[in-house]
Amino acid sequence: MSETQSESSLFPILDDHYLEDLKACGKVLKVNTGELLYREGDAEYCFYVVLSGQIKITKRLGTEEIFVAAHRRGEFTGDLNMLSGAASQATAYSTEPSQVIQFQDFKELLKSCPSSIDLFIPALAERSKYLEVKLRQQEKLAELGKLSASLAHELNNPAAAGNRAAKQLHSAIATLQENMLSPRGQQFSAQHRQLLCQLQHKAVHREYYKTELSPLEESLQEEELADWLESLGVDDAWDISPSLVSVGIEQSHLEPLAAVMESATFNEALQWLEASLTVNDLVTELELSTSQISDLVGAIKSHSYVDRGAIQEINLHQGLDNSLKILHHKLKYGVTVNREYSSEVPQVSAYPGELNQVWTNLIDNAIDAMNGQGELTIRTSLENNCVLIEIIDNGAGIPESIKPQIFDAFFTSKAAGKGSGLGLDISRGIIVKKHKGKISFMSKPGRTNFQVRIPIKQ
């Protein structure tokens, strides 16, 4: 007797010579597509060796039928229950016209061919362990599905309320800010108030925001603006300039104000403007954060097939920027972000909340890989009929030993308590199953690049 091993010791493949020997010990049967060999729970069932075609093995978990294995030529069915006399743990049926060798009594086969013990028993023992692990994983996913339903009830309502409140705050704060100027009637003239309100309105609605600045360009612009403000006697010019530059305000936009205001009045106006923009930015962050709660719930629900969102035409760059904003608290202590967005990238058909969760997962992992210190590059481009999104970090890289497991559910390389092992598995489900796209990675020490390809039209 001899055999060759498949990639897994679970499913060794018998060679042709041994298959011929087995034919003499068993009964050769032809099996039609869909024909049942044995059913889960059967007290009496046979042992089969596949000669041709394919035999599929499945198991019930609640109301769901989960895939266990697919046996082709030279492989065999069964588990250790055949020795103990217990009921079958799984169901076996053909998925195409097949031919099998049937053995009515597995114990008798082992007695008549003792050398087969060393082949069949270790494999059947490994299968029992494999099936137990697979069932535990499926049970965890089933529990996750139940948890997601509970989370949806517990979190969506307060999240929706917080989201509405944040949106209403925009209007309320704008009114308040206008009223704050009114008591300064002696210091601010009607012309002053009009110019200042126009400036604030355009800044809030990003009308000055033309192109994304690199970190170096932004720093130089902040320095130039601060120098100019200092020359006009503005207090805290170096604290004020970053807030102004972040919304696209340049020296040229402030010169009309400076021209009609005395130094003290101009100083007061800029203090108000900077505070106004800061409050608006905080409200926007609150709105995005509360929306992210719903997005997180949606991502878990999509992983467990509980719900379906609506597909929309979306701007990928906006979603990437929103994810960066959500993770700002982790970026601000030493991560330089390079945005290399292609102007040729069109809007795509997608589920926006779930895609945002993918970006958040990938960016968060990149930050962790760099220990919060390094360079993060987010690049977009067109590739045939897809948009390619690349998230690149200069961290330590992914060890070769864990690369095959990186997308497995519940696998994490993070320390205990810092990762669930679901982020990349959920992300793959969102990209591959819901968007018909692809997600892959390339990694070496000093550079890891996760690539996501999304079809422009679903």
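Here, residue 1 is the first one in the sequence, and each next residue gets the next number.
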Is [Y] close to [X] at the side-chain level, that is, under 4.5 Å between some pair of heavy atoms?
| X | Y | result |
| --- | --- | --- |
| Phe407 | Ser427 | no |
| Phe450 | Ile398 | yes |
| Asp364 | Lys330 | yes |
| Asn338 | Ile392 | no |
| Phe76 | Leu124 | yes |
| Val337 | Leu324 | yes |

[X] side chain to [Y] main-chain N or O, any donor-acceptor pair under 3.5 Å?
| X | Y | value |
| --- | --- | --- |
| Glu75 | Arg72 | yes |
| Thr77 | Tyr48 | yes |
| Thr448 | Ser443 | no |
| Thr336 | Glu375 | no |
| Ser94 | Gly34 | yes |
| Lys59 | Gln89 | yes |
| His435 | Ile430 | yes |
| Asn384 | Cys386 | no |
| Asn394 | Gly374 | no |
| Asn315 | His317 | yes |

- request: Determine the interplanar angle of the Tyr38 and Tyr45 rings, folded into 0 to 90°, and report it as parallel if under 30°, tilted if 30 to 60°, perpendicular if over 60°.
  value: tilted

Polar contact flag, side-chain donor to acceptor under 3.5 angstrom, [X]-[Y]:
| X | Y | result |
| --- | --- | --- |
| Glu390 | Asn449 | yes |
| Ser381 | Ser342 | no |
| Glu313 | Ser349 | yes |

If you measure from [atom1] on [X] to [atom2] on [Y], what distance do you get to the nearest 0.5 Å?
| X | Y | atom1 | atom2 | value |
| --- | --- | --- | --- | --- |
| Gln221 | Leu244 | CD | CG | 10.5 Å |
| Leu51 | Leu22 | CG | CG | 9.0 Å |
| Ile121 | Phe106 | CD1 | CZ | 4.5 Å |
| Ile363 | Ile378 | CD1 | CD1 | 4.0 Å |
| Phe120 | Leu109 | CZ | CG | 5.5 Å |
| Ile439 | Leu424 | CD1 | CG | 6.5 Å |

query: Any ion pair linking Lys403 and Glu400 (charged N to carboxylate O, less than 4.0 Å)?
result: yes

Partner of Val452 by side chain to side chain contact (heavy atoms under 4.5 Å, CB included), out of Thr380, Ile391, Ile431: Ile431

Which pair of heavy atoms, one from [X] and one from [Y], lies closest together, and at what distance?
| X | Y | answer |
| --- | --- | --- |
| Glu65 | Thr58 | OE2-OG1, 2.9 Å |
| Gly41 | Ala87 | O-CB, 3.5 Å |
| Pro352 | Ile314 | CB-CG2, 3.8 Å |
| Ala350 | Leu355 | CB-CD1, 3.5 Å |
| Ser401 | Pro404 | O-CD, 4.0 Å |
| Thr95 | Lys56 | CG2-CB, 3.5 Å |

Sequence-distant partners of Gln104, side chain to side chain donor-acceptor pair (under 3.5 Å), two or more places apart: Gln102

